[in-house]
Amino acid sequence: MVERGDAGAGAGAIAGERRQLINVAYRLLGSLAEAEDAVQEAYARWYALPRGRRDEVRSPGAWLTTVTGRICLDVLGSARARRERYVGAWLPEPVPDRAEWGFAREVGATDPAHQVVLDESVTMAFLVVLESMTPAERVAFVLHDVFRYPFAEIADVLGRTPAACKQLAASARRRARGSQAPAAGSGQAEAVRRVKEAWESKDIAALVDLLAPAAVMTADGGGLVGTVLRPVEGGARIAQYVVAIADKAPGLELLERSVNGVPGLVARRDGTVMTVASFELAEDGRVARIWVVRNPEKLGPWLRAERESEAGRVRRAERERRACTERSCPVRPVPGPSRSG
């Protein structure tokens, strides 16, 4: 990859590339855990270089991006075989918006989810489209169309000519256009809110009205928790299914939360996130796709955000208690876990 930085970059500059690398790797792999592993491996290879070889690299950031891209390409090549053995449907790992979870920002340096920039290139709908591409198409498309790397640099990652990389990106672009849905707008939050209300009231008729007749719901439990193994097709069938789930899950609490930067729903029980749901709307404003992630191995960032949010509330209450003690004002009790949406 073309070297674009300054010579002699220090350790701080090397570490500063981590956010960009996590962003690239997550979009390439659709898995935060695998993205973190890929970036860690890239850093390990960097520090394994002899000191003289590292000094020769004018742009460590470009070097790390090239190596991360190659690692992700290898992971994508093996992922297809692994996902064929996956129990049920495989979905990308959802990412929370840390701003919605208060003090979750305090773990930012240690949690890869907090280094992912939430934009249209990270929505669940976009990541699902990326899954339809070949590994080489995905790498060429993401690096060029999302991160604006020139094809000459992408050629270093894929081991192909720039012209071949351009063709790969064009092929991927055609796949993306063929799967394109209306962009999420202000109507999405209202649609999700209405789904939440109908789900909570177990109103099948209202749910059917909110869902497109050809709506599809895909769930990912990874064989670790109970869920449907095949997509549920048709608005009426989806409505009946989610209401049946409500009957079987007393005490389940629904919260309106952003999922990969788009309004979605989070279900939790006893303060623990159990399910994250993402939605895509049809042109008429009804829900066309629902992606439900229940695999606990993919909910780690949400569980950490929830814990940090609760810890932040306790810390704020303690500070208020100390301040009130100094001013001899009435002391409010430390709140328990939040149950508000």
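Between V259 and G264, the shortest heavy-atom distance links the atoms CG2-CA, 3.9 Å. G221 approaches T227 most closely through the heavy-atom pair N-CG2, 3.5 Å. For the pair A219 and A89, the tightest heavy-atom approach, listed with the atom from each and the gap, is O-CB, 3.7 Å. Contact between I22 and P112 at its shortest, heavy atoms only, is CG2-O, 3.7 Å. Contact between G235 and L211 at its shortest, heavy atoms only, is O-CD1, 3.4 Å. Of all heavy-atom pairs between V129 and A176, the closest is CG1-CA, 3.7 Å.
Each of L224 and W90 belongs to its own hydrophobic cluster when Ile, Leu, Val, Met, Phe, Trp and Tyr are linked at side-chain heavy-atom distances under 4.5 angstrom. Two different hydrophobic clusters hold V225 and V266 under the rule that ILVMFWY side chains link at heavy-atom gaps under 4.5 Å. Both F147 and F151 are part of a single hydrophobic cluster, where members link through side-chain heavy atoms under 4.5 Å apart.
A donor atom on one side chain and an acceptor atom on the other are found under 3.5 Å apart for N260 and Y26.
Judged by distance alone, with hydrogens and angles left aside, the side-chain atoms of N23 form a donor-acceptor pair with the main-chain N or O of Q115 at under 3.5 Å. A donor-acceptor pair is defined here as one N or O able to donate and one able to accept, closer than 3.5 Å; such a pair exists between the side chain of W199 and the backbone of V242. With hydrogens and angles ignored, the 3.5 Å screen pairs a side-chain donor or acceptor of Q188 with a backbone N or O of F279. At distances below 3.5 Å, at least one donor-acceptor pair connects side-chain atoms of K298 with backbone N or O atoms of L91. Checked by atom type and distance alone, the side chain of E93 pairs as donor or acceptor with a backbone atom of L32 at under 3.5 Å. Panel note: side chain R160, backbone C165; no donor-acceptor pair is recorded below 3.5 Å. Here the side chain of S171 pairs no donor or acceptor atom with the backbone of Q167 at under 3.5 angstrom. Looking at R269, its side chain never comes within 3.5 Å of a backbone N or O of G251 through a donor-acceptor pair.
The CG atom of D97 lies 10.0 Å from the CZ atom of R257; values are rounded to the nearest 0.5 Å. Here CD of E253 is found 9.0 Å from CD of E200. Values are rounded to the nearest 0.5 Å. Distance check, rounded to the nearest 0.5 Å: CD1 of I204 to CD1 of I238 gives 13.0 Å. Between the CD atom of E56 and the CH2 atom of W63 there is a distance of 12.5 Å, given to the nearest 0.5 Å. The structure places CG of L76 at 12.0 Å from CD1 of I71, a figure rounded to the nearest 0.5 Å. To the nearest 0.5 Å, the span separating OG1 on T161 from CD1 on I154 amounts to 12.0 Å.
Partners of R85 by salt bridge (charged side-chain N to carboxylate O under 4.0 Å, His left out), not counting sequence neighbours: none found. Considering only residues two or more places apart in sequence or on other chains, R54 meets the side chain to side chain donor-acceptor pair (under 3.5 Å) condition with none of them. Here E17 pairs with L21, Y43, L64 under the side chain to side chain contact (heavy atoms under 4.5 Å, CB included) rule; sequence neighbours left out. Applying the salt bridge (charged side-chain N to carboxylate O under 4.0 Å, His left out) test to D119 and every residue at least two apart in sequence or in another chain returns R27. Applying the salt bridge (charged side-chain N to carboxylate O under 4.0 Å, His left out) test to K166 and every residue at least two apart in sequence or in another chain returns nothing. Partners of R194 according to the side chain to side chain donor-acceptor pair (under 3.5 Å) rule, which considers only residues two or more places apart in sequence or in another chain, do not exist here. A search for salt bridge (charged side-chain N to carboxylate O under 4.0 Å, His left out) contacts involving D145 returns R173, not counting sequence neighbours. Residues passing the side chain to side chain donor-acceptor pair (under 3.5 Å) test with S258, sequence neighbours excluded: E100. In this structure R83 satisfies the side chain to side chain donor-acceptor pair (under 3.5 Å) test together with E131, sequence neighbours excluded.
Side-chain contact between P263 and E190 is absent, with no heavy atoms from C-beta onward closer than 4.5 Å. The shortest side-chain heavy-atom distance between V262 and M124 does not fall under the 4.5 Å cut-off. Contact of the T65 side chain with the Y149 side chain is registered, since non-hydrogen atoms from C-beta on lie closer than 4.5 Å. The shortest distance between side-chain heavy atoms of L265 and V192 falls below 4.5 Å. Annotation: side chain of L281 is in contact with side chain of V287 (closest heavy-atom distance under 4.5 Å).
Grouped with V216 in a hydrophobic cluster is no other residue, since no side-chain heavy-atom contact under 4.5 Å to another Ile, Leu, Val, Met, Phe, Trp or Tyr is found. Apart from L229 itself, the hydrophobic cluster it occupies contains V87, where clustering links Ile, Leu, Val, Met, Phe, Trp and Tyr at side-chain heavy-atom distances under 4.5 Å.
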Going through the checks in order, is the side chain to side chain contact (heavy atoms under 4.5 Å, CB included) test met by Q240 and V208? CA-CA 9 Å; Q240 292 167 355; V208 171; over 6 Å; no
Residue pair M133, L168: steps toward the side chain to side chain contact (heavy atoms under 4.5 Å, CB included) verdict: CA-CA 10 Å; M133 302 175 185; L168 286 168; over 6 Å; no
Assess whether side chain to side chain contact (heavy atoms under 4.5 Å, CB included) is satisfied between R18 and V39, documenting all intermediate values. CA-CA 7 Å; R18 181 180 180 82; V39 172; 4.2 Å; yes
Could you check R82 against V75 for side chain to side chain contact (heavy atoms under 4.5 Å, CB included), going step by step and ending with a plain yes or no? CA-CA 10 Å; R82 287 186 285 111; V75 173; 3.8 Å; yes
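By the 4.0 Å N-to-carboxylate-O rule, D74 lies too far from R70 to be salt-bridged with it. We find that R193 and E197 are not joined by a salt bridge, their nearest charged nitrogen and carboxylate oxygen being 4.0 Å or further apart.
The number of heavy-atom neighbours closer than 6.0 Å to CZ of R51, taken from other residues, nucleotides and ligands shown, is 12 or below.
Within the structure, salt bridge (charged side-chain N to carboxylate O under 4.0 Å, His left out) contacts touching residues 221-242 (residues at least two apart or in different chains) do not occur.
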